[in-house]
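All heavy atoms count here, side chains included; hydrogens, waters and symmetry mates do not.
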Amino acid sequence: MSRRGRPKGSLGKKKLAEAAASEEQALSLTSLTQKSLEDTAEGSSAVINRQLTDTLDASIQLIFSELKKIRTEFKRAIEKNTKQIAGLKAANTQLKDRCQALENKLGELSKTQSDQGKSINAPERHSRRNDPRIVGMEESGNEDCVKIAMDIFENVGIRDCAIDRAHRDGLPVDDRSRHVLVKEVYFKDKIFLVKNGRSALVQKDYYIVDDLTRVDLAEKRRWRQQVYDLHHHHGVRLHFSSGCWRLRGEMIRWL
């Protein structure tokens, strides 16, 4: 009969109990370690969160402070610029008023000058009312301007024309002959010469024009192109008299 006992290689109850106790202790130690680590991690996270919150709060306060400072400076700048703009507006208004006053004064001076010019031009025009000019007549030595004028006027149609005086106008020049300025005794003779001289002397190198003042001559030349266009394109012939262009005696008002 064989002997009963524990199998070879198996542990006894005591050792099993010790092994179980050791394993339980190890598990307990692991659990405590893990819990300690978790507590440490939670504590570190809380510290970090608190630090981040403090940093964020400080940054917000700094930004708010800077914004408040910028707002204050911006407000001061606006107030300063507003005052400067108000001052500039006032100065601009004063300048406008002065400019307007100067323009009004200039207008008055221009009108006065124009009126004075007309007042001076009128008697000068009247003093020339009997004076035709012979333009293009070649000069010669020891010439008799009165005889030259009478011969030309006879060709136009006035025999034994009553001439007060005649002479070359201005100083001698090299490139052209000076005009022969004639003073008629009778105004009607001058009118006849001016009206008929151009057609009567069309084959000649010289012609007859009215003796105009500087003001009237400038006005005549001012509208020369318009007068030319009316005559050559529309068959309308104007004449210049008493300081303006006229059609059948009526003054032309140019636009």
Side-chain angles (χ1 to χ4, degrees), residues 114 117-255:
S114 178
K118 291 178 181 178
S119 299
I120 294 172
N121 189 56
E124 184 181 358
R125 180 193 298 154
H126 183 77
S127 70
R128 300 181 184 215
R129 66 192 304 267
N130 290 4
D131 301 354
R133 283 177 176 265
I134 303 171
V135 181
M137 185 67 187
E138 187 176 352
E139 291 189 48
S140 61
N142 298 321
E143 64 184 7
D144 185 349
C145 290
V146 172
K147 185 176 185 308
I148 291 173
M150 291 187 68
D151 291 343
I152 293 174
F153 295 166
E154 185 173 352
N155 290 334
V156 176
I158 302 179
R159 188 185 295 267
D160 297 328
C161 182
I163 296 177
D164 181 26
R165 59 182 179 273
H167 60 84
R168 293 283 179 175
D169 186 27
L171 297 175
V173 292
D174 296 332
D175 57 342
R176 62 179 177 83
S177 297
R178 292 171 293 168
H179 299 176
V180 178
L181 182 59
V182 184
K183 190 169 190 64
E184 298 276 0
V185 174
Y186 301 111
F187 176 69
K188 61 182 181 61
D189 289 343
K190 196 284 293 276
I191 295 299
F192 181 88
L193 291 170
V194 172
K195 281 186 176 181
N196 300 284
R198 181 75 69 172
S199 59
L201 303 175
V202 68
Q203 301 297 328
K204 303 295 184 179
D205 295 331
Y206 50 83
Y207 54 92
I208 299 173
V209 297
D210 197 0
D211 182 33
L212 301 177
T213 65
R214 289 180 179 271
V215 175
D216 291 347
L217 184 59
E219 180 67 16
K220 181 179 181 180
R221 290 174 174 173
R222 180 183 179 187
W223 307 106
R224 181 167 48 189
Q225 185 61 48
Q226 288 84 341
V227 173
Y228 176 87
D229 292 340
L230 283 172
H231 178 57
H232 286 80
H233 300 305
H234 303 283
V236 178
R237 191 175 186 87
L238 306 180
H239 72 280
F240 192 86
S241 175
S242 299
C244 61
W245 285 101
R246 298 176 182 273
L247 175 63
R248 293 187 291 274
E250 297 295 329
M251 183 175 61
I252 300 297
R253 298 188 182 275
W254 305 96
L255 299 178

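- By the 6.0 Å contact criterion, CG on Asp174 is open, its count of non-hydrogen atoms from other residues, nucleotides or ligands being 12 or less.
- Between Val182 and Ala166, the shortest heavy-atom contact is CG2-CB, 4.0 Å.
- Of the listed residues (Arg224, Gln226, Gln225), just one forms a side chain to side chain contact (heavy atoms under 4.5 Å, CB included) with Tyr228, and that residue is Gln225.
- Expressed to the nearest 0.5 Å, how far CD of Glu184 lies from CZ of Arg165 amounts to 11.5 Å.
- The 12-atom threshold is exceeded at NE2 of His167, counting heavy atoms of other residues, nucleotides or ligands nearer than 6.0 Å.
- Among the candidates Lys183, Arg133, Arg176, the single residue satisfying the salt bridge (charged side-chain N to carboxylate O under 4.0 Å, His left out) test with Asp169 is Arg133.
- In this structure, Ile120 CD1 and Arg214 CZ are separated by 13.5 Å, a value rounded to the nearest 0.5 Å.
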Contacts table for residues 241-255: side-chain donor-acceptor under 3.5 angstrom, sequence neighbours left out:
from   : atom 1 : to     : atom 2 : distance (Å)
Trp245 : NE1    : Lys220 : O      : 3.3
Arg246 : NE     : Ser241 : O      : 3.0
Arg246 : NH1    : Gly249 : O      : 3.2

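- Side-chain contact between Phe240 and Val227: absent, with no pair of heavy atoms (C-beta onward) separated by less than 4.5 Å.
- Between Lys190 and Asp210, at least one side-chain nitrogen of the basic residue sits less than 4.0 Å from a carboxylate oxygen of the acidic one, meeting the salt-bridge criterion.
- Counting all heavy atoms, side chain and backbone alike, Tyr186 lies closest to Asn130 at C-ND2, 4.2 Å.
- For Thr213 (side chain) and Asp216 (main-chain N/O), a donor-acceptor pair under 3.5 Å exists by modelled atom type.
- Lys204 NZ to Ile152 CD1: the interatomic distance, rounded to the nearest 0.5 Å, is 9.0 Å.
- Atoms CE and NE2, on Met137 and His179 in that order, are 13.5 Å from each other to the nearest 0.5 Å.
- Listed here is the closest heavy atom pair of Cys161 and Asp189: SG-OD2, 4.1 Å.
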Listed pairs under 3.5 Å, donor-acceptor, residues 191-203 side chains, sequence neighbours left out:
from   : atom 1 : to     : atom 2 : distance (Å)
Asn196 : ND2    : Phe192 : O      : 2.9
Ser199 : OG     : Asn196 : O      : 3.2

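- For the atom pair CG (Leu212) and CZ (Arg125), the distance works out to 9.0 Å, reported to the nearest 0.5 Å.
- Annotation: side chain of Tyr206 is not in contact with side chain of Ser177 (no heavy-atom distance under 4.5 Å).
- Taken from CD1 in Ile163 to NZ in Lys147, the straight-line distance is 11.5 Å, to the nearest 0.5 Å.
- In plain terms, the two heavy atoms of Arg178 and Gly170 that are nearest each other are NH1-O, 2.6 Å.
- Val180 places a side-chain heavy atom less than 4.5 Å from the side chain of Arg168.
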